[in-house]
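Here is how names work: the chains are called A, B, and so on, in the same order as the sequence lines, proteins then strands, and each is numbered from 1.
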There are 2 protein chains.
Amino acid sequence: MNKSKEKILASAKELFHEYGFQQTSVDEILKKSGVTKSNFYYHFKSKEELGLIILERFIKQYEADVLMKTLGNKSLDPSERLIEFYKAVRMFHRDLHNPKGCPFGNMAIEMSGSNENFREKLSAFFNSWEKVIEECINEGMSTGDFRSDLHPGVVAQLILSHLEGAIMMVKTHRSIEPLSSGSETIMRLLKAA
Amino acid sequence: MNKSKEKILASAKELFHEYGFQQTSVDEILKKSGVTKSNFYYHFKSKEELGLIILERFIKQYEADVLMKTLGNKSLDPSERLIEFYKAVRMFHRDLHNPKGCPFGNMAIEMSGSNENFREKLSAFFNSWEKVIEECINEGMSTGDFRSDLHPGVVAQLILSHLEGAIMMVKTHRSIEPLSSGSETIMRLLKAA
DNA sequence: TTATTAGGACTAACTAGTCAGTACTAAACA
DNA sequence: TGTTTAGTACTGACTAGTTAGTCCTAATAA
């Protein structure tokens, strides 16, 4: 059931990631999903509603498929978790022919200035993402994996900021290098003396 | 002379920074600058041409007013230069009611996937920006300001990536904190042992 | 029966861009 | 001296296409 609705969600998710929310027209979503306009507006009351639903779903999927399986994997050492996390992110951005950037970072830059609904959701997600990193750093400081002369929260914030900036560079330079060498350097800087 | 042309450039620069290139219509630029459409197309052959000219000008202005006066200020110690640079960036983003983000980072995310002219200009500028940072880091490693067990180029790349990500966070969270605490942490991590 | 899908015509506002023609100035010419 | 020419800056009306979203009808599942 709801075959059309799922088709719309899947198509729009890809289009929003590649072209951005505002630069993707409803007609393009219709064309890609093969759904009629009336059916679209039967399922979603507006393009904005669709965008917010897709954002929510993407967040939940990312938390489950990436964050929990790497940073939240308690069977690994904290530093191994961080390495696995970076590996997963590199995998996510491995299409270097046309890197699409971070779906959350893209949307944050595109929408934060013009739509509070998007901004608030993204701000909350970045905070929660940071918390997951912080827990890993905190534990790594206890185990001696990481140097412990810094606040875990501040380090987590630095890691997330750097990650988003590095993905921006990957997209702009069409090269994975800023992400791979940047994450390596972060790991070295965090190593306990 | 060329009063209209300068008005267009000034208005469009602000609008592009606040709303992005694609989200700013020619009509909005016309309205803000008080210039007629036909006059606009007398001075610029297309909206894209205007965007590229504004990007070029913004780059030159930023290099002269920010980069050269801070990171390129040879009368300061390398670590002081970096501190001054961060201070200047924070000043640039001090409007926290509605932080507009980095004009270059915004444009990179918005345009890199769809327009090679913008992408190439931004990629080249990020490289040159990185070089300016690298020179400062390199000198700081010689003077003992910074730890010298890392490649200056890699550190410079990390600093720029982090900066762009931090500015993205400032825009999303509407708080300067990710930038101020992040830059402080970067300074501490770079300190020689 | 109720939820879903299809079709298509339609709107009002907005999009980038074009066009023929005007006003002004300053140099070149006769 | 007056006249022509040329370049610059500018104007209002216009086009063709796109935008998100509406409305109504009818067919097709569950």
Side-chain angles (χ1 to χ4, degrees), chain A residues 1-57 106-107 110-119 121, chain B residues 1-57 106-107 110-119 121:
Chain A
M1 303 110 218
N2 264 343
K3 225 176 54 175
S4 293
K5 189 173 183 180
E6 290 306 320
K7 270 190 205 163
I8 292 168
L9 286 164
S11 302
K13 181 182 172 179
E14 280 182 46
L15 291 167
F16 289 165
H17 188 196
E18 181 150 9
Y19 304 109
F21 176 77
Q22 316 250 24
Q23 282 192 72
T24 301
S25 71
V26 173
D27 284 351
E28 278 171 315
I29 298 167
L30 268 24
K31 196 177 161 192
K32 175 153 187 164
S33 58
V35 168
T36 59
K37 184 166 271 198
S38 33
N39 195 3
F40 177 96
Y41 282 100
Y42 170 74
H43 289 293
F44 306 97
K45 78 169 215 269
S46 67
K47 186 189 170 190
E48 181 186 353
E49 187 189 85
L50 170 68
L52 289 167
I53 289 172
I54 285 176
L55 176 56
E56 275 168 27
R57 285 194 169 206
N106 292 353
M107 208 165 233
E110 190 192 349
M111 304 301 291
S112 286
S114 60
N115 188 308
E116 275 292 282
N117 294 321
F118 283 91
R119 204 208 106 239
K121 276 202 163 54
Chain B
M1 294 121 216
N2 262 343
K3 225 177 52 174
S4 294
K5 191 175 182 178
E6 290 304 321
K7 270 192 204 163
I8 292 169
L9 286 163
S11 302
K13 182 182 173 180
E14 281 182 45
L15 290 167
F16 289 165
H17 188 195
E18 179 150 12
Y19 304 109
F21 176 76
Q22 315 251 23
Q23 284 190 69
T24 300
S25 71
V26 174
D27 284 351
E28 279 171 315
I29 298 166
L30 268 25
K31 195 176 161 192
K32 175 153 187 163
S33 59
V35 169
T36 59
K37 183 162 275 196
S38 27
N39 193 4
F40 176 96
Y41 282 100
Y42 169 75
H43 290 293
F44 305 97
K45 79 170 214 270
S46 65
K47 186 189 170 190
E48 181 186 353
E49 186 189 85
L50 170 67
L52 290 167
I53 289 172
I54 285 176
L55 176 57
E56 276 167 29
R57 284 193 172 206
N106 292 353
M107 209 167 232
E110 190 191 350
M111 304 302 291
S112 287
S114 60
N115 188 308
E116 274 295 281
N117 293 322
F118 283 91
R119 204 207 105 239
K121 273 201 165 54

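Ion pair B:Glu28/B:Lys47 not flagged as a salt bridge, since none of the NZ, NE, NH1 or NH2 atoms sits closer than 4.0 Å to an Asp/Glu carboxylate oxygen.
Counting to the nearest Å, the C1' atom of C:dT5 and the NZ atom of A:Lys3 are 10 Å from each other. Between A:Leu50 atom CG and D:dG21 atom P there is a gap of 10 Å when expressed in whole angstrom units. For the pair A:Tyr41 OH and C:dT5 C1', the computed distance is 17 Å after rounding to whole Å. Taking atom CZ of residue B:Phe40 and atom P of nucleotide D:dT8, one finds them 19 Å apart after rounding to whole Å. For the pair A:Glu6 CD and C:dT4 C1', the computed distance is 14 Å after rounding to whole Å. Residue B:Glu49 contributes atom CD, which lies 16 Å from atom C1' of C:dT18 at whole-angstrom precision. Distance, B:Lys47 NZ to D:dG17 P: 20 Å, rounded to whole Å. Between the P atom of C:dT4 and the NE2 atom of A:His43 lies a distance of 6 Å, rounded to the nearest Å.
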Please test A:Asn117 against A:Met111 for side chain to side chain contact (heavy atoms under 4.5 Å, CB included), starting from the C-alpha separation and ending with a verdict. CA-CA 9 Å; A:Asn117 294 321; A:Met111 304 301 291; over 6 Å; no
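When side chains are defined from C-beta on, B:Glu18 does not count as touching B:Thr24, because their heavy atoms never get closer than 4.5 Å. Two residues are said to be in side-chain contact when any heavy atoms from C-beta on lie closer than 4.5 Å; A:Lys121 and A:Met107 fail this criterion. The closest side-chain heavy-atom distance from A:Phe16 to A:Leu50 is below 4.5 Å. Here the side chains of A:Ile54 and A:Leu9 are in contact, with some heavy-atom distance below 4.5 Å. A:Ile53 has its side chain within reach of A:Glu49: a pair of non-hydrogen atoms, C-beta onward, lies under 4.5 Å apart. Inter-residue side-chain proximity for B:His17 and B:Lys13 is flagged as unmet; no heavy-atom pair is nearer than 4.5 Å.
Applying the ring-ring contact (aromatic ring centres under 6.0 Å, His included) definition to pairs two or more places apart or across chains, those involving residues 27-47 of chain A are A:Phe40-A:Phe44.
Comparing the end axes of the helix from C:dT1-D:dA30 to C:dA30-D:dT1, each fitted to five base pairs by superposing C1' atoms of four pairs onto the next four, gives an inter-axis angle of 10° (nearest 10 degrees).
The phosphate of D:dC10 has neither OP1 nor OP2 within less than 4.0 Å of any side-chain N or O from B:Tyr42.
Near DNA chain D, defined here as any heavy-atom distance below 4.0 Å, the residues from residues 23-39 of chain B are B:Thr36, B:Ser38, B:Asn39, listed numerically.
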